[in-house]
There are 2 protein chains.
Amino acid sequence: MLSKKTKYGLKALTYLASVGTKEPVQIAEIAKHENISQKFLESILLTLRRNGFLGSKKGKGGGYYLIKEPNEIPMTAVMRVLEGPIAMVPCVSLNFYEKCDDCPDEGECSVHKLMLQVRDSALDVYRNNTLADLIS
Amino acid sequence: MLSKKTKYGLKALTYLASVGTKEPVQIAEIAKHENISQKFLESILLTLRRNGFLGSKKGKGGGYYLIKEPNEIPMTAVMRVLEGPIAMVPCVSLNFYEKCDDCPDEGECSVHKLMLQVRDSALDVYRNNTLADLIS
DNA sequence: ATAATGTCTATCGTTTTAGTAGGAATTTCA
DNA sequence: TGAAATTCCTACTAAAACGATAGACATTAT
């Protein structure tokens, strides 16, 4: 399941992209427009800013804005920051690899075999979508 | 992330398929071979039996066995029973559809748009793999 | 100065996960 | 017929993750 964090983060990014301008948009406006708890959204936008997707401005007239063009923001990057690994099992993760405790040999593991295919197919989708593609 | 339940269930099914025979295999043997907590595996095999994947026999010489041929067991079915919906969001699920609380219009939702593609790509993988394909 | 904003840390209730415990029921076989 | 081996079933639990919420602080525009 996709976490609410990721879901809300994607919606917020899409909203910012659809607004189009480089003017800061306030958290409250985003939260209201997307029916999201404002406080929760706050923390999500914060991590998006810390990870280089958003810029922010404090004080009156402040808010968040996209730092790059929507078509320069691939979903792979967004998903990894918000949701974590794209792979469903650490042993097939490109960016978060970990060996399984059980499983003496990955080459013989049926789960590994299957999840490798799933990862690649998901990766394919995320690599072929930027934020720009999500705007309807 | 794939749950341990699904992971262990897949491994157990694969083991049963690789053994090949229709003779019952004991939980203890599967657990030992796959490095799985026996008690936990018990409950997993139970749900696999209740969902028509396995047969069982009690008492001495008892155990679990595959009811169908491995190439007649598609991964879609296994995943849905063990892991639940294949979709990452209920609003794009074929078998477990639910409308989102937020989100007035699915057609306009960026998350919906993206997750639909992810679901289809995953579905593609699961539909093209049966238990027989997982045996190395 | 003051009001409007984002920043940060801490906390909290609920749900899910990954088991564990213990016994009942069934079957085999000596 | 009885003992041993096995699955079946229910209930419980500890830990982690999730989805927030609260409140004080920092910065900026006017």
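Quick caveat: nothing in here was measured; it's all calculated off a predicted structure.
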Evaluate B:Ile73 against B:Leu13 for side chain to side chain contact (heavy atoms under 4.5 Å, CB included), listing each step before the verdict.
CA-CA 10 Å; B:Ile73 303 176; B:Leu13 286 172; 5.5 Å; no
Determine: side-chain N/O of B:Arg50 to OP1/OP2 of D:dC9, distance under 4.0 Å, yes or no.
yes
Can you tell me if A:Ser37 touches the phosphate of D:dT21, counting only side-chain N or O atoms and a distance under 4.0 Å to OP1 or OP2?
yes
Terminal axes of the helix from C:dA1-D:dT30 to C:dA30-D:dT1 (5 end pairs apiece), angle rounded to 10 degrees, sit apart by 10°
Would A:Lys32 and A:Glu29 pass as an ion pair if we require N to O under 4.0 Å?
no
Charged N to carboxylate O under 4.0 angstrom, B:Asp133 versus A:Lys113?
no
On DNA chain C, which is the earliest and which the latest nucleotide, 5' to 3', with an atom closer than 4.0 Å to a heavy atom of chain A?
C:dA4 to C:dC8
What is the nucleic acid contact for A:Leu45, judged by heavy atoms within less than 4.0 Å: base, sugar-phosphate only, or nothing?
nothing
Give the B/S/- string for nucleotides 24-30 of chain D, one per nucleotide from 5' to 3', where a protein heavy atom under 4.0 Å of the base yields B, of only the sugar-phosphate yields S, and otherwise -.
---BBS-
Hey, is B:Lys57 close enough to B:Glu23 for a salt bridge, meaning N to O under 4.0 Å?
no
Whole angstroms only, please: what is the CG-C1' distance between A:Leu82 and D:dG19?
15 Å
CG of A:Asn35 versus P of D:dA20: gap in Å, rounded?
12 Å
Would you please confirm or rule out a distance under 4.0 Å between OP1 or OP2 of D:dC8 and any side-chain N or O of B:Ser56?
yes
Would you indicate whether the side-chain heavy atoms of B:His112 and B:Val89 approach each other to under 4.5 Å?
no
To the nearest Å, give me how far apart CG (B:Leu48) and C1' (D:dC8) are.
15 Å
Grab the CZ-C1' distance between B:Phe40 and D:dT13 for me, whole Å please.
14 Å
